[in-house]
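Notes for the one structure printed next.
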Amino acid sequence: NTSKPEESLEKEQQQAAVVEVLQQLPEKQQQCFLLRSWEGLSVRDTASVMGCSEGSVKTHYSRATMKLKQLLEEEHDINL
């Protein structure tokens, strides 16, 4: 691992900020974002897990990412 300690700390702080902001989203958006981004599930697999349509997954994910980006920029000065 060639990353510097300060880069590692910054990454940890950004991850903590994402988790904090993620908790402000509606439950379905949280679940969709976690399944798609952190678990790496496909739209189809996410829809199956969530018991909804693929279109709903796309909508929840889009809304979650837009809101996360907005909140991170406003509250934590993190530009994604």
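Quick note: numbers below take in every heavy atom, side chains included, and nothing from hydrogens, waters or symmetry partners. All values reported here derive from a predicted model rather than from experimental measurement.
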Quick check: closest heavy atoms across [X] and [Y], and the distance to 0.1 Å?
{"X": "Gln30", "Y": "Leu22", "value": "CG-O, 3.1 Å"}
{"X": "Val57", "Y": "Cys52", "value": "CG2-SG, 3.8 Å"}
{"X": "Ala64", "Y": "Leu25", "value": "CB-CD1, 3.9 Å"}
{"X": "Arg36", "Y": "Val43", "value": "NH1-N, 3.5 Å"}

Side chains of [X] and [Y]: does their closest heavy-atom pair fall under 4.5 Å?
{"X": "Asp45", "Y": "Leu35", "value": "no"}
{"X": "Lys28", "Y": "Gln31", "value": "yes"}
{"X": "Leu34", "Y": "Glu39", "value": "no"}

* Atom CD of Gln15 with >12 non-hydrogen neighbours under 6.0 angstrom -> yes
* Hphob cluster co-occupancy, Val21 + Trp38, side-chain heavy atoms under 4.5 angstrom ->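 Val21 and Trp38: one cluster.
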* To do: For Gln13, check side-chain contact (heavy atoms from CB on, under 4.5 Å) against everything at least two apart and list the hits.
  =>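 side-chain contact (heavy atoms from CB on, under 4.5 Å) check on Gln13 returns Leu9.
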* **side-chain contact (heavy atoms from CB on, under 4.5 Å) partners of Ser37, counting only residues at least two apart** => Phe33, Tyr61
* Report yes or no: do Gln70 and Glu74 form a side-chain donor-acceptor pair below 3.5 Å? => yes
* Could you grab the distance from atom CD of Glu27 to atom NE2 of His60, nearest 0.5 Å is fine? =>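 The CD atom of Glu27 sits 10.5 Å away from the NE2 atom of His60.
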* **salt_bridge(Glu54, Lys58) N-O dist < 4.0 Å** => no
